[in-house]
Amino acid sequence: MKRLINYIAGLGAALALLAGCAVIDHSAPSGADKSAAWVLLPFGNATETPFAGQRAEAVTENLLRALGVANVQRYPSDLQRDNLFETGQAKDDAKAIEWAKAQGARYAVTGTVDEWRYKVGVDGEPAVGIALQIVEVDSGRVLWSGVGGKSGWSRESLAAVAQELIKSLLVPALK
C-alpha cells in the first residue's frame with residue numbers, strides 16, 4: 001500500500017511539472033451573484049506588448065460567460081485609452097465606474113496585465129502574468145482579488161497559457 005501511495009504522489013508531482021509553472025494567489029470567493037449585471041472594465045497594460053490589456057479582456061469576458069455569468073457587458077472601445085503606443089498612464093477608473101453605474105451593473109471586473117510574451121531563448125516559452133479584481137459597482141468595494149503568473153512549454157500558445165491562468169483565477173472567484 002505504501003508503494004502505491006508513493007507511486008501516486010510521484011505521478012502527481014510529474015503531472016504538475018508537465019502542466020508548466022504557475023503561481024496563483026487569491027482572496028476568498030467573492031460570493032457575487034452570477035445572474036446579476038456585470039461589466040468588464042479596461043485592463044491596464046503594464047507590459048511592453050501592445051494590446052496585452054485588450055487581449056486579456058477578451059479572454060476574461062468569454063471565460064466569465066463560460067463560467068455562468070451570462071449578463072456581461074464590455075467597456076466600449078471608444079472610451080478606452082489602450083493603444084499601440086500606450087503611455088503607461090493609469091486608466092480613468094472613476095470614469096469607468098460611472099459608465100458601469102449608468103449600465104445598471106452590480107459587479108465590475110478589472111485587472112492589470114504585467115506579463116504577456118514569449119520568453120527569449122531557445123525554447124521561447126509563453127509567459128503570462130495578470131491581476132484581477134471583482135468590484136461591487138455601487139460601493140466601490142473590492143469583493144475579490146487574485147494574481148497569478150504562468151509559463152508554458154515551447155509548443156504551447158500564449159493564448160492557451162493566458163486562458164488557463166485567467167480561468168484558474170476566475171473559478172475560485174465565482175464560487
Side-chain angles (χ1 to χ4, degrees), residues 19-30 32 38-67 69 72-100 103 105 107-121 123-137 140-174:
C21 182
V23 176
I24 296 173
D25 291 297
H26 55 79
S27 60
S30 67
W38 291 61
V39 293
L40 187 67
L41 299 181
F43 284 19
N45 182 4
T47 75
E48 295 177 0
T49 306
F51 305 112
Q54 290 179 10
R55 293 174 185 175
E57 290 168 19
V59 172
T60 302
E61 177 183 13
N62 288 291
L63 279 171
L64 284 168
R65 292 182 200 287
L67 294 170
V69 180
V72 178
Q73 186 174 358
R74 194 167 175 185
Y75 194 73
S77 60
D78 61 329
L79 298 177
Q80 291 188 5
R81 289 191 195 156
D82 195 10
N83 61 50
L84 184 58
F85 305 105
E86 185 168 340
T87 62
Q89 184 178 10
K91 302 290 183 189
D92 188 352
D93 293 338
K95 186 164 105 178
I97 289 292
E98 287 307 313
W99 173 84
Q103 305 312 303
Y107 305 109
V109 177
T110 190
T112 301
V113 181
D114 56 51
E115 187 171 22
W116 192 280
R117 66 188 176 105
Y118 286 96
K119 292 181 181 179
V120 177
D123 292 332
E125 297 99 351
V128 176
I130 192 163
L132 296 176
Q133 291 184 332
I134 296 175
V135 177
E136 190 174 53
V137 172
R141 184 172 63 104
V142 175
L143 298 178
W144 175 89
S145 62
V147 62
K150 180 170 176 46
S151 62
W153 299 102
S154 62
R155 294 182 184 237
E156 284 185 279
S157 75
L158 185 58
V161 171
Q163 182 177 338
E164 290 171 355
L165 175 60
I166 294 169
K167 185 175 183 180
S168 295
L169 286 166
L170 288 175
V171 166
L174 297 173

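Keep in mind that this is a model prediction, so the values were computed, not measured.
- Here the straight-line distance linking atom CH2 of W144 with atom CG of L170 works out to 6.0 Å at 0.5 Å rounding.
- Scored by the side-chain contact (heavy atoms from CB on, under 4.5 Å) test, V142 finds Q133, V135, S145 as partners (sequence neighbours excluded).
- At a threshold of 4.5 Å between non-hydrogen side-chain atoms, the residues Q103 and V137 do not count as touching.
- Taking CG of N45 as the reference point, atom CD of Q54 lies at 9.0 Å (rounded to 0.5 Å).
- Residues forming a salt bridge (Lys or Arg N to Asp or Glu O under 4.0 Å) with R155 (at least two apart in sequence, or on another chain): none.
- The structure places NZ of K95 at 5.0 Å from OH of Y75, a figure rounded to the nearest 0.5 Å.
- With sequence neighbours excluded, the residues satisfying side-chain contact (heavy atoms from CB on, under 4.5 Å) with A127 are E115, K119, S151.
- Listed by chain and residue number, Y107 satisfy the ring pair (Phe, Tyr, Trp, His ring centres under 6.0 Å) test with W38 (two or more places apart in sequence, or in another chain).
- Not counting sequence neighbours, T112 has no partner by the side-chain hydrogen bond (donor to acceptor under 3.5 Å, both in side chains) test.
- In this structure the side chain of T47 never reaches within 4.5 angstrom of the side chain of R117, judged on heavy atoms.
- Shown here are the side-chain contact (heavy atoms from CB on, under 4.5 Å) partners of L158, two or more places apart in sequence or in another chain: W116, Y118, P126, V128.
- Partners of V59 under the side-chain contact (heavy atoms from CB on, under 4.5 Å) rule, at least two apart in sequence or in another chain, are L63, Q163, I166.
- Annotation: side-chain hydrogen bond (donor to acceptor under 3.5 Å, both in side chains) contacts of E98 (sequence neighbours excluded): none.
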